Amino acid sequence: MILSAVSNAPKGPAAYGAADGVLAPVAPQGTRAGDDDAPKGPGGGDGDDQVGIATKTRTRPKKPSMFKVLMLNDDYTPMEFVVLVLKRFFHMDLEQATRVMLHVHQKGVGVCGIFPYEIAETKVNQVMDFAKQNQHPLQCTLEKA
Ligand code: TYC
């Protein structure tokens, strides 16, 4: 699935999955910790009948999901401009950039690189902004790797 850079791209940490790194506290059945509105047991006390709160913390942080940055072909953006983009934002040399540009030109789509979500999103925005500034219709999107 291709996620549009403009409208459908996953936003922020949700892309990593919920509760990344730390698992949410598990409340004992029926009674939430520190819940003053919870019904009181016999005697009305707010006392020692609390069951402990189980928490689990990861020792190793989860590695972030990776996203492909895809470049799309169009009929108007000059080949030289695409090569410049690949050199400037993806640190390719002339030969590599030319190869990727020709691949996109011939096949319609190509991978510029694979990055953690926030870096991939930044690259897409940089490419789209740069293309717009130069009045080219070049499109760049994200796809989960
Ligand atoms: N198809 C374009 C042309 O013929 C070149 C091009 C290549 C445009 C790659 C976009 O992502 C692209 N001028």
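This is a predicted model, so every value here is computed, not measured. We count ligands from 1, going down the list as the structure has it; atoms in each ligand are counted the same way. Counting begins at 1 with the first residue of the sequence.
Protein heavy atom closest to atom 4 (O) of ligand 1, with residue, atom name and distance, is H105 CE1, 3.1 Å. The protein atom (non-hydrogen) at minimum distance from atom 2 (C) of ligand 1 is D74 O, 3.2 Å. Of the protein's heavy atoms, N73 OD1, 3.4 Å lies nearest to atom 8 (C) of ligand 1.
In this model, a donor atom of one side chain and an acceptor atom of the other lie less than 3.5 Å apart for D74 and T77.
The distance from ligand 1 to the heavy atoms of L138 drops below 4.0 Å at these ligand atoms: 10 (C), 11 (O), 12 (C). In the vicinity of T77, heavy-atom distances shorter than 4.0 Å reach the ligand 1 atoms 2 (C), 3 (C), 5 (C), 6 (C), 8 (C), 13 (N). Of all the atoms in ligand 1, the ones that sit under 4.0 Å from a non-hydrogen atom of V104 are 9 (C), 11 (O), 12 (C). Those atoms of ligand 1 that come under 4.0 Å of a heavy atom in M71, given as number and element, are 11 (O).
Counting heavy atoms from C-beta outward, V127 and F90 have side chains that approach closer than 4.5 Å. Using a 4.5 Å heavy-atom cutoff, the side chains of K87 and D93 are not in contact. With contacts defined as side-chain heavy-atom distances shorter than 4.5 Å, the pair L86/C112 qualifies. The side-chain heavy atoms of V69 and L142, taken from C-beta on, include a pair separated by under 4.5 Å.
Counting heavy atoms closer than 4.0 Å to ligand 1, residue L72 contributes backbone atoms (N, CA, C, O) but none from C-beta onward.
For the pair N134 (side chain) and H136 (backbone), a donor-acceptor distance under 3.5 Å is absent.
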